[in-house]
Student: 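Just passing along the structure, written as structure tokens.
In listed order, ligands and their atoms are each counted from 1.
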Amino acid sequence: MTDDVRIDDPAGFPPQEDTVERLWTPQRMTYVLRNTEGRPTKPKSKECPFCVGPKKSDEDGLIAWRGTHVFAIMNLYPYNVGHLMICPYRHVGFITELDDDELFEFEKATTLAMKVMETVSHPDGYNIGINQGEVAGAGVAAHLHQHVVPRWNGDANFMPIVAETRTMPILLSDQRAAYAEAFTRLAPQSGLPLDR
Ligand SMILES: [Zn+2]
């Protein structure tokens, strides 16, 4: 990474600007990985965005749903429109560190997120997965997070995504609100709590 790579200032979180230019950018999430010189570094626990996020309001933290053990948060640097993440409240890096209750809600919430997306934006498919450890590509390796990315036919190459996102209501705050409404409606049907 060179000195002139743009790193977004977290002070503006959540961003109100167009996210198109962030798609597929390798510097995503580096807003939490800076030391005082502005260079990427390992995150300190107190800077962990997945520990800090739930301490904010739903709107400021971009939280779409809060369960008992896990929560759903919008990705500030989405792979695709509507990119959501499921995280445990506990600061653990690997899925093997979850206890049975956490693990159940973690996976159950992932299926709930799919149902929410189906209701809100009718995807044609999904990418779901976890990068565990820095070597595996985790942006915030210290805190487990499962990506849930909705996919639509025709979004598989760059230009259609750009064209599509520019014509969709993609502000993260608006997307969060739409998801939150659907989570509130669908969580009880999935046997999941609403700890709001
Ligand atoms: Zn954390």
Student: Kindly give the atom name of the N, O or S atom of His143 closest to the Zn ion (ligand 1).
Tutor: ND1
Student: Working to 10°, measure the angle at the Zn ion (ligand 1) formed by atom SG of Cys48 and atom SG of Cys51.
Tutor: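 Output for this angle: 120°, rounded to tens.
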Student: Quick one: list whatever passes side chain to side chain donor-acceptor pair (under 3.5 Å) with Asn127, sequence neighbours left out.
Tutor: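 With neighbours one apart ignored, the set is Arg151.
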Student: If I take every N, O or S atom of His91, is at least one of them less than 2.8 Å from the Zn ion (ligand 1)?
Tutor: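 Yes, within the cut-off.
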Student: Verify salt bridge (Lys or Arg N to Asp or Glu O under 4.0 Å) between Asp99 and Arg90, making sure each step is shown before the conclusion.
Tutor: CA-CA 11 Å; Asp99 66 29; Arg90 227 157 42 87; 5.1 Å; no
Student: What residues form a side chain to side chain donor-acceptor pair (under 3.5 Å) with Gln146, not counting sequence neighbours?
Tutor: Glu107, Thr110
Student: Ignoring hydrogens, what is the shortest heavy-atom contact between Tyr179 and Met74? Give both atom names and the distance.
Tutor: CD1-SD, 3.6 Å
